[in-house]
Asker: 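Just dropping this structure here.
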Amino acid sequence: MKGFSKKIFFVLMIFCASLSFSKAKKFDLPKKELVVTCKNGEKITITAEIARSTEARNYGFMERENIPDGTGMLFVFENDQILRFWMKNTPSPLSIAYIDKSGRINEIFDMKPYSLESVEGTRYARYALEVPQGYFSRAGIKAGDVIDLSFLK
């Protein structure tokens, strides 16, 4: 039995290590400095992780507990659509901006941690930007402001 127990322990250790590796890998997204031009001309920079793949978009900020002000995640979609986001397995309260293909912020919503309720936009959008809840307001960013997304084209 002793040899059998060691084998089970070894298999479990490899399994746990592979889970840790795959979870860490999900957070290895490229980062880009996004420049937001407010209606008053002020420019604000947000360091955003860029989620382009379906897997990255689906995982988002899940399990992330510390998201500092001035950072976020930009979700890039191939087509304009009505976007819907939820907060499954996401412990940090977030705000989300739905953004059209020209980079104009259509609308901003707050989202509750762990909520399975969809936060649905009312207009077609190509991008979504999540930041710590209230950051858009604290930074003076509002619907109608424009984000330079020319690096995506």
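FYI, the numbering just counts along the sequence from 1. Values below: all heavy atoms of this structure, side chains included; hydrogens, waters and symmetry mates excluded.
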Asker: Between Val36 and Val76, is there shared hydrophobic-cluster membership here, with clusters defined by ILVMFWY side-chain heavy atoms closer than 4.5 Å?
Answerer: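 Yes, Val36 and Val76 fall within the same hydrophobic cluster.
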Asker: Is the centre of the Phe85 ring less than 6.0 Å from the centre of the Phe75 ring?
Answerer: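 For Phe85 and Phe75, the ring centres are under 6.0 Å apart.
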Asker: Going from CG on Asp110 to CG on Leu94, what distance comes out if it is rounded to the nearest 0.5 angstrom?
Answerer: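 Rounded to the nearest 0.5 Å, the CG-CG separation comes to 9.5 Å.
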Asker: Any chance you could measure Lys88, atom NZ, to Ser115, atom OG, to the nearest 0.5 Å?
Answerer: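 Reported to 0.5 Å precision, the distance equals 12.5 Å.
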Asker: Going by atom types only, do Lys31 and Thr47 share a side-chain donor-acceptor pair under 3.5 Å?
Answerer: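 Short answer, no.
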Asker: Applying salt bridge (Lys or Arg N to Asp or Glu O under 4.0 Å), which residue pairs with at least one partner in residues 122-136 are found, sequence neighbours left out?
Answerer: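 Applying salt bridge (Lys or Arg N to Asp or Glu O under 4.0 Å) to every pair that reaches into residues 122-136, excluding sequence neighbours, yields Asp80-Arg126.
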Asker: Assess whether side-chain contact (heavy atoms from CB on, under 4.5 Å) is satisfied between Tyr98 and Phe109, documenting all intermediate values.
Answerer: CA-CA 9 Å; Tyr98 292 133; Phe109 299 99; 3.7 Å; yes
Asker: With a 4.5 Å limit on heavy-atom distance, are the side chains of Ile46 and Leu129 in contact?
Answerer: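 Yes, their side chains come closer than 4.5 Å.
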Asker: Within the distance-only criterion (no hydrogens, no angle test), does the side chain of Asp145 pair as donor or acceptor with the backbone N or O of Lys39 below 3.5 angstrom?
Answerer: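 A pair under 3.5 Å: yes.
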Asker: Give the C-alpha distance, both sets of side-chain angles, the deciding distance and a yes or no for side-chain contact (heavy atoms from CB on, under 4.5 Å) between Tyr127 and Ile147.
Answerer: CA-CA 10 Å; Tyr127 312 99; Ile147 302 174; over 6 Å; no
Asker: Below 4.5 Å, heavy atoms only, C-beta onward: do Ile67 and Met73 meet side chain to side chain?
Answerer: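 Not in contact.
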Asker: If two hydrophobic side chains count as joined below 4.5 Å and joins carry through other members, does Val119 share a cluster with Ile82?
Answerer: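 Val119 and Ile82: separate clusters.
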Asker: Indicate the atoms forming the closest heavy-atom contact of Ala56 with Ser53, along with that distance.
Answerer: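 Scanning both residues, the minimum pair turns out to be N-OG, 3.0 Å.
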Asker: According to ring pair (Phe, Tyr, Trp, His ring centres under 6.0 Å), does anything in residues 129-152 pair up with another residue at least two apart or in another chain? List the pairs.
Answerer: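 Every pair satisfying ring pair (Phe, Tyr, Trp, His ring centres under 6.0 Å) with a residue in residues 129-152: there are none.
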Asker: With a 4.5 Å cut-off on side-chain heavy atoms, are Thr90 and Arg64 touching?
Answerer: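 No - every pair of side-chain heavy atoms lies 4.5 Å or more apart.
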Asker: Any sub-3.5 Å donor-acceptor pair from Arg57's side-chain atoms to Ala51's backbone N or O?
Answerer: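 Flag not set: sc Arg57 to bb Ala51 has no pair under 3.5 Å.
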Asker: Between Ile50 and Leu29, does a side-chain contact (heavy atoms from CB on, under 4.5 Å) hold up when you go through it step by step?
Answerer: CA-CA 6 Å; Ile50 310 300; Leu29 296 174; 5.9 Å; no
Asker: Taking only Lys NZ, Arg NE, NH1 and NH2, and the carboxylate oxygens of Asp or Glu, determine whether Arg84 and Glu117 approach each other closer than 4.0 Å.
Answerer: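 Result for this pair is no, no salt bridge flagged.
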Asker: Ignoring hydrogens and geometry, is there a side-chain-to-backbone donor-acceptor pair from Thr71 to Asp69 under 3.5 Å?
Answerer: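 No: the side chain of Thr71 does not pair with the backbone of Asp69.
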Asker: Can you name the salt bridge (charged side-chain N to carboxylate O under 4.0 Å, His left out) partners of Glu65, sequence neighbours left out?
Answerer: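 Glu65 satisfies salt bridge (charged side-chain N to carboxylate O under 4.0 Å, His left out) with no other residue.
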Asker: Hey, are the side chains of Tyr124 and Asp100 touching, using non-hydrogen atoms and a 4.5 Å cut-off?
Answerer: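 Contact flag for Tyr124/Asp100 side chains = no.
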Asker: Distance-only, no hydrogens or angles: does the Gln133 side chain make a donor-acceptor pair with backbone N or O of Met111 under 3.5 Å?
Answerer: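 The answer is yes, because a donor-acceptor pair under 3.5 Å joins these two groups.
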Asker: Looking at side-chain heavy atoms only, is the closest gap between Pro113 and Pro91 below 4.5 Å?
Answerer: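 They are not in contact (no side-chain heavy atoms under 4.5 Å apart), so the answer is no.
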Asker: Does one hydrophobic cluster hold both Phe61 and Ile96, with members joined at side-chain heavy-atom distances below 4.5 Å?
Answerer: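 Linked within one cluster.
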Asker: Roughly how far, to the nearest 0.5 Å, is the OH atom of Tyr114 from the OG atom of Ser92?
Answerer: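 The OG atom of Ser92 sits 8.0 Å away from the OH atom of Tyr114.
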Asker: Look up atom CZ in Arg52 and atom OG1 in Thr54, then write down how far apart they are to the nearest 0.5 Å.
Answerer: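 Those atoms lie 13.0 Å apart.
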Asker: Can you tell me how far CZ of Arg104 sits from CD1 of Ile99, rounded to the nearest 0.5 angstrom?
Answerer: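 Ile99 atom CD1 to Arg104 atom CZ measures 12.0 Å (nearest 0.5 Å).
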Asker: Using only atom types and a distance under 3.5 Å, with no angle test, would you say the side chain of Ser95 pairs donor to acceptor with the backbone of Val131?
Answerer: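 No: the side chain of Ser95 does not pair with the backbone of Val131.
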Asker: Would a single hydrophobic cluster contain both Ile44 and Leu149, if residues Ile, Leu, Val, Met, Phe, Trp and Tyr are joined by side-chain heavy-atom contacts under 4.5 Å?
Answerer: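 Yes, one cluster joins them.
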Asker: Find out whether Ile105 and Val146 are in side-chain contact, i.e. whether some heavy atom of one side chain is under 4.5 Å from a heavy atom of the other.
Answerer: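 Result no, sub-4.5 Å side-chain heavy-atom pair not found.
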Asker: Taking Ser118 for its side chain and Trp86 for its backbone only, find out whether a donor-acceptor pair lies under 3.5 Å.
Answerer: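 No; zero donor-acceptor contacts below 3.5 Å.
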